[in-house]
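Handing you a structure now.
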Amino acid sequence: MKKQIEKIRSAAEKEIQKAQNSQAIENLRIKYLGRKGKLTRLIRKISQIPQDRRQEIGLSVNETKKKIQLALIKQTQITKRKRKAKIAWVDTTAPGQLPLVGHLHPTTLAFREIWPLFEKLGFTLVSYPEVEWEQLAFEALNMPTDHPARDDFETFFLNTKPNPKWGRMVLTPHTSSGQIREMRRVGPPIRMINIAKCYRPNWDNTHTPMFHQFEGLVVDKNINLTHLKGIFDYFAKNFYGPERKIRLRPSHFQFTEPSFEVDINCPLCRGKGCRVCNSGWHELGGAGMVHPQVLKNGGVNPKRYSGFAFGWGVERTYMMKSNLKLNDIRILYENDLRFVEQF
Ligand code: DAH
C-alpha cells in the first residue's frame, strides 16, 4: 500500500505542474482528492489494514493529501501570475505601431483644390440646398414641364404635396438652380461658385445617383464670351497644368445662349489624338452666356447686365487631373479603402 500511495503522489505532482489553467487544476483536484478520487479511494481502504500498520499508513496518506493540496495551491498561483504577466507586460523597446490615420475623401480633396482657384478671382462660395423646387430647377431655367430637354434630367421627386407657386419638390438634379437663387439673393454684380450634391436616378459605370457639381455664375455689365474663355483658360492652366488648353464646342442648353461643351486637351498627346483620348480632347462640362430670360427670371435686367455660367462634375473634373481612367466611377462611393487610400 505504501508503494501505491507513493505512486499516486508522484503522478499527481507531475500532472499538477503541467496544468496551465484553473479548470485543469480543478480537474486534477477531483481526479485525486474528489469523492471518487484516487487518494480518497485509498483512504477508504485504511480500515481493512491490520491494526499494527494502520497508523503508519494513515499518516502517510494524510501527508500525501497535504502535499497534493499544496501542489494545487502553488500551481494556481503560478498560472495566475503567468496570466497577469501576459496582460501587463509591455516591451518598451519594441518598434511602435503606427495608428491608422484617415484622410479626406477624393471628392473633398477636389472641393478644396477647385474652390480656392475661384476664390482668388473674387468668387463667392455658396452651397445651395440638396432639395429644390421644380420651379427653380427647371421652369426658371427655361425648361417648362413639357419641354423635351427636361427628359435628360431624369429626376427624383419627393413625395410631398406640390406647391402652387413652386411646383413639386425634387432632389436637386443640377447646380444650375443656384444661378436663380444667387441672382435673387444678391443681384449683380455676381461672381458665384455653387458646389453641391446633385441627384439623378442613374447607376452604371459612368454614373452614381448622387454626385457633385460646381456651378459658376458671373453677372455684371459688359460680360462677354472672352471673359468666359479667359476664366476657363485660367482654370485649365492652374488646375491641370501650364501646358493644358481648353476648347469650346457649340452645344445646346435651355438656360444659355450661345451654349458650349468645354473640352480640355489630353495630357498625353496634347490634342493630337491618341489611344487614350481618341479625339485629343476630354469633355469637362457645359457652359454658355446666360439666357436673357434666365436673367429676367432671376430679377436681373438683361438690357443692363449680361453673364456667363458653367456647370461641371466635381468627380469627373478631379479624376481627369490625375489622368485616372476609372472604368467604373461607382467605386468612389463604395467605401473600399484599398481604392480611397490611393489619393
Ligand atoms: N446644368 C447642366 C447639367 O447638369 C450643366 C450646365 C450647362 C451648367 C451649361 C451651366 C451651363 O451653367 O451654362 O447638365
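Just the heavy atoms: all of them, side chains too, but no hydrogens, waters or symmetry mates, feed the values below. Ligands are counted one by one from 1 in listed order, and the atoms in each one are counted from 1 as well.
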With sequence neighbours left out, which residue pairs that include part of residues 298-309 fulfil the side-chain hydrogen bond (donor to acceptor under 3.5 Å, both in side chains) condition? none
If you look only at distance, which donor and acceptor atoms sit under 3.5 Å apart when one is on a side chain in residues 231-238 and the other is two or more places apart or in another chain?
unit_1: Tyr234; atom_1: OH; unit_2: Leu117; atom_2: O; d: 2.7
unit_1: Lys237; atom_1: NZ; unit_2: Arg244; atom_2: O; d: 2.8
unit_1: Asn238; atom_1: ND2; unit_2: Tyr234; atom_2: O; d: 2.8

Could you tell me whether Phe310 and Phe118 have their ring centroids closer than 6.0 angstrom?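 Distance test on ring centres: under 6.0 Å, yes.
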Partners meeting side-chain hydrogen bond (donor to acceptor under 3.5 Å, both in side chains) with Thr145 (sequence neighbours left out): Glu139
Set of residues that line ligand 1, where lining means a heavy atom lies under 4.0 Å from it: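 Protein residues near ligand 1 are Phe153, His174, Ser176, Gln179, Arg200, Gln213, Glu215, Phe253, Phe255, Thr256, Gly286, Ala287, Gly288, Ala309, Phe310, Gly311.
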Report yes or no: do Tyr32 and Arg41 form a side-chain donor-acceptor pair below 3.5 Å? no
Residue pair His147 / Gln254, side-chain donor-acceptor N/O under 3.5 Å: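 Yes - a donor-acceptor pair under 3.5 Å links their side chains.
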